[in-house]
Amino acid sequence: MGILKNKLPWDLHQRGLRDSQRHAKKIKDAIKKNLHHIISQENIITTDGKKTTKVPIRYLDSYYFRYGKMRDGVRHGDGEPGDILRPAKMDNDDDGDGTKPGTDIGMDVYEAEISVDELTELMLADLGLPFLEDKDRKQVITKHVEYTDIRKRGPMSNWAKRRTIVENIRRNAQEGNPPKFGNLREEDMRFRSWNEHIERHSNAVVYLMMDRSGSMDEHKRYLCKATFWWLCRFLEKMYDNVETVFIAHDYDAKVVPEKDFFTISNDGGTRCSSAYELAWKDIQESRPQNSWNVYCFHFSDGDNGTEDSGRCAELVKQMLERINMFAYGEVEWKNPNWNSSSSLMDELENIDNPHMMTAILEDKEDVYPTLQQFLNKEIGSQDDDEPRGN
Amino acid sequence: MNQNLEKRFEEIEILARKMGLDPFPVVFEEVPRDIIWNVASYGLPIRMGHWSFGRSYVHQKTYGEMGASKIYELILNNNPSMAFLDDTNDDVSNLLIAAHCYGHSDFFKHNMLFAPTNRNMINQAEQNARIIDGFKDKYGIDAVEDWMDIGFGIDGHIDINLGEDRQKYPPAEHVFKTKQPLPFADLFGESTKPQVIDEIKNDTIPPRPERDILWFLTNYAQMLPWQREVFSIMRSEAFYFYPQGQTKILNEGWASFWHAEILLNYWNLTPAEHLDFANAHSRIVCPGYGGSLNPYYVGFKILTDVKKRWDKYYDEGKKDAAFQKSDELEKRDEKDEIVMSKQDGYAKLFQIRTEEDDISFISNYLTRDLCEKLNLYTYGQDGNSEDPEDDDIIIKDRKVDEVRRTLVSRLHNNGVPPICIKAADDTGLFLKHDDNDELTLEPVYTQETLKYIFKVWKRPVFLTTHDSDGDEVKYEVGKDGTITEKKFEDGNAVKFTI
């Protein structure tokens with residue numbers, strides 16, 4: 001028998017590439033399903049936003065009946081019975097490479113590598129700023145790609161089958177043949193093509209306010225930080241031109257640069273109204289209503305004086321006349337036994353206005369739902385007078 | 001490939017046949033590495049698409065590109081056999097691989113386990129791929145791949161003894177038997193006339209425990225025609241691949257033994273090439289890095305040992321006139337060890353290649369001496385801690401019996417837990433994990449696999465298995481698809497988890 005050199009039309013049959021794309025899609029779906037768990041991982045929040053990160057996904061496998069316990073095996077080399085080859089709980093991450101007797105059974109945790117950008121895109125795909133209104137000076141720009149065009153050339157992945165068939169039938173008819181599909185020629189081929197679609201929205205400014213008082217312990221600060229971190233990524237990603245103002249407060253409030261916002265902490269008392277006052281002052285002074293969309297987000301543990309909470313509610317009511325949305329997130333320790341929401345929460349919850357939103361965050365899993373709730377672009381796209389569901 | 005090499009390939013084939021090998025014709029094809037990775041991931045050049053093949057392709061490609069592993073050749077059980085050579089191989093490697101491939105092809109052709117395999121699988125698989133591609137176009141890629149997930153979940157559960165082509169169970173039928181009256185029946189007040197008894201035969205399905213779960217579901221579950229077709233295709237490919245898992249050590253050992261024999265007897269090698277050959281050989285037939293075991297090496301060493309031993313027994317036998325006259329093929333001493341044989345080394349080897357699989361090969365031919373020489377030991381968790389994760393992994397034993405037993409235990413049923421269908425009716429499908437299997441099932445995988453089966457059977461699915469103490473564990477997928485797991489101790493449920 002002879003030796004063939006590349007005789008078979010291999011390029012037609014390279015299925016590995018195609019199926020690996022299916023696999024990649026499966027991973028993406030799995031990530032999407034686990035987003036609420038994944039996005040609050042420390043290692044993601046601490047990246048600079050450009051890095052890739054490893055995301056553990058459980059059970060990305062087809063299942064089958066398999067043995068549970070690690071099975072004994074055979075190896076070669078020196079040593080006496082009883083010698084320890086590998087102490088317990090070590091090298092857990094290099095199972096299965098064959099060089100060590102790994103625990104060859106065990107949960108398959110698949111580590112997918114994904115860039116933070118991609119992850120952001122996945123999770124923010126359906127989010128947007130609610131209640132966005134047209135204002136005089138349009139500055140907020142969003143971009144997206146739309147398939148709107150048909151061309152004669154293009155990659156096969158963009159092949160427009162229906163159009164190709166129509167063109168083919170048309171040509172057949174023109175050439176006097178029966179107007180049917182057949183005799184496909186290259187000139188019949190049509191491909192979809194895209195245009196970059198730029199939408200200009202009105203100006204928007206976002207006030208991010210965070211409690212940094214002594215009662216905010218590490219757990220609470222982490223929840224705030226994680227939510228704000230994604231909020232910032234979201235704003236960066238979706239809108240080319242959104243202004244952000246960071247306000248940190250304890251008893252007093254001040255505007256701080258972004259890099260300090262996530263690191264500072266203090267041990268003073270709490271007066272939430274200080275932050276609201278500062279924001280409100282800035283809004284009144286430099287954000288005329290006819291040209292700015294204004295969004296306020298405030299995170300605190302609600303450890304605020306009852307009197308001040310009343311003052312806060314008054315301020316927020318005033319602000320809501322002007323601004324598009326006020327969102328308040330309260331971070332707490334999980335306590336199943338009693339409803340621990342604070343006086344501030346009670347006050348703010350009672351404001352009957354769809355533009356006022358509140359959420360409670362108890363653990364990391366709550367970060368994603370909170371973002372979904374606050375960044376629901378569906379609300380406000382209809383009429384505003386629908387009451388907000390709790 | 002240059003003309004000179006092509007001529008030498010022919011010489012290698014002639015030499016292989018002269019030395020006793022009888023392979024299928026082998027078609028060699030030089031291909032870029034990417035195609036090698038493709039074929040290695042799918043097991044066949046063109047095969048049905050599924051995301052899990054994509055996963056192994058990415059794996060192959062990643063490791064290949066890193067240079068962590070190189071696949072020099074791939075050969076497929078087919079007539080003609082088809083062998084793929086990495087087009088970056090040097091000439092000497094290619095000669096060695098050619099000889100290696102003739103060894104494999106000879107094994108495919110003659111080993112008994114391979115006898116029922118489809119020798120036209122390369123074309124068959126391509127057709128299968130087209131059929132499944134068609135289903136994907138028609139019914140949607142997600143629907144078809146999800147169904148294939150189920151198929152891959154149970155395609156280890158085939159019954160190799162009953163084979164691929166099977167008839168459905170005979171239908172239930174009434175059997176009328178005439179029963180003669182017992183003597184003295186009248187004394188007991190019974191009728192003295194012959195009685196006709198109406199017996200129903202085959203009224204339960206399956207009539208006996210069924211191991212071929214995939215076959216059973218394909219034939220007895222309600223499903224759409226395309227789903228049935230997908231299952232049949234997957235089952236037929238599972239039968240094709242089954243013997244390969246059962247003969248890895250022997251098949252690789254056989255091919256390695258012969259590439260060495262052939263190249264050592266090949267006249268058309270320069271001294272420099274001989275050196276290259278020796279290098280390549282020791283790279284392929286190495287003990288295994290870091291203590292892990294290389295099947296090529298184990299198989300090669302056992303076969304070399306067999307050859308040496310039987311040549312000796314044969315020579316001993318020739319000296320003994322009484323033995324020559326006897327009908328015995330071999331003579332054993334009082335310790336039941338062979339001392340003489342009428343088969344020489346080669347004859348014994350060819351018998352082994354025809355008759356044995358890895359289990360019998362290891363059990364019969366891995367000797368104590370060889371086990372010591374190869375420095376083999378068994379390892380595993382020491383079992384000192386409650387939680388197996390806290391166990392140290394230790395060297396357990398060096399005795400040949402233990403080594404054999406451990407090597408073989410992983411090969412039984414290709415490592416698939418023995419589970420059979422006990423009964424199936426409208427109330428559900430009843431599965432049983434063999435009590436004699438001392439190993440336990442992994443719960444998450446078990447539950448998910450049962451859910452797969454539920455999707456096919458569409459009625460409750462039950463599985464009875466055991467934990468490491470031998471206590472009964474029962475899984476149940478209820479009518480609504482929810483799963484429960486119950487543990488029993490002395491017949492009483494002690495733990496109930498959902």
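Chain identifiers are assigned alphabetically (A, B, ...) following the order of the sequence lines, protein sequences preceding nucleic acid strands; residue numbering begins at 1 within each chain. Because the structure is a prediction, the values reported are computed rather than measured.
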Discussion item. Centre-to-centre under 6.0 Å for B:Tyr377 and A:His76, is that the case here?
Written reply: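 No, the ring of B:Tyr377 stays outside the 6.0 Å limit from the ring of A:His76, centre to centre.
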Worksheet entry | B:Phe9-B:Phe28 aromatic ring centre distance below 6.0 Å | yes
Can you tell me which of [options] forms the most heavy-atom pairs within a distance under 4.5 Å of chain A?
| options | result |
| --- | --- |
| B:Leu439, B:Leu463, B:Thr406, B:Leu441 | B:Leu439 |
| B:Ile154, B:Asp382, B:Val298, B:Leu407 | B:Leu407 |
| B:Asp149, B:Asp34, B:Ile141 | B:Ile141 |
| B:Leu450, B:Thr449, B:Ile150 | B:Thr449 |
| B:Ser41, B:Gly380, B:Ser468, B:Ala83 | B:Gly380 |
| B:Pro417, B:Gly49, B:Gly54 | B:Pro417 |

Examine whether an atom of [X] lies under 4.5 Å from a heavy atom of chain A, and if so say whether it belongs to the side chain, the backbone or both; otherwise answer neither.
| X | result |
| --- | --- |
| B:Glu145 | side chain |
| B:Pro23 | neither |
| B:Asp142 | both |
| B:Asp133 | side chain |
| B:Ser56 | neither |

Worksheet item: Which residues pass the side-chain contact (heavy atoms from CB on, under 4.5 Å) test with B:Leu374, sequence neighbours left out?
Response: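 For B:Leu374 the side-chain contact (heavy atoms from CB on, under 4.5 Å) partners, ignoring immediate neighbours, are B:Tyr297, B:Lys301, B:Leu370, B:Leu376.
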Practice prompt. Establish, for the pair A:Arg66 and B:Tyr445, whether the NZ or CZ atom is under 6.0 angstrom from the six-membered ring centre and no further than 45 degrees off its axis.
Written response: yes
Discussion item. Between the side chains of A:Asp83 and B:Lys396, is the shortest nitrogen-to-carboxylate-oxygen separation below 4.0 Å, so that they form an ion pair?
Written reply: no
Worksheet item: Is A:Glu167 salt-bridged to A:Arg170, going by a charged N under 4.0 Å from an acidic O?
Response: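 Salt bridge present between A:Glu167 and A:Arg170.
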Worksheet item: Is the backbone N or O of A:Asp363 less than 3.5 Å from a side-chain atom of A:His219, with the two atoms forming a donor-acceptor pair by type?
Response: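 No.
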Worksheet item: Should we count CZ of A:Arg185 as having more than 12 external heavy atoms under 6.0 Å?
Response: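 Correct, the count exceeds 12.
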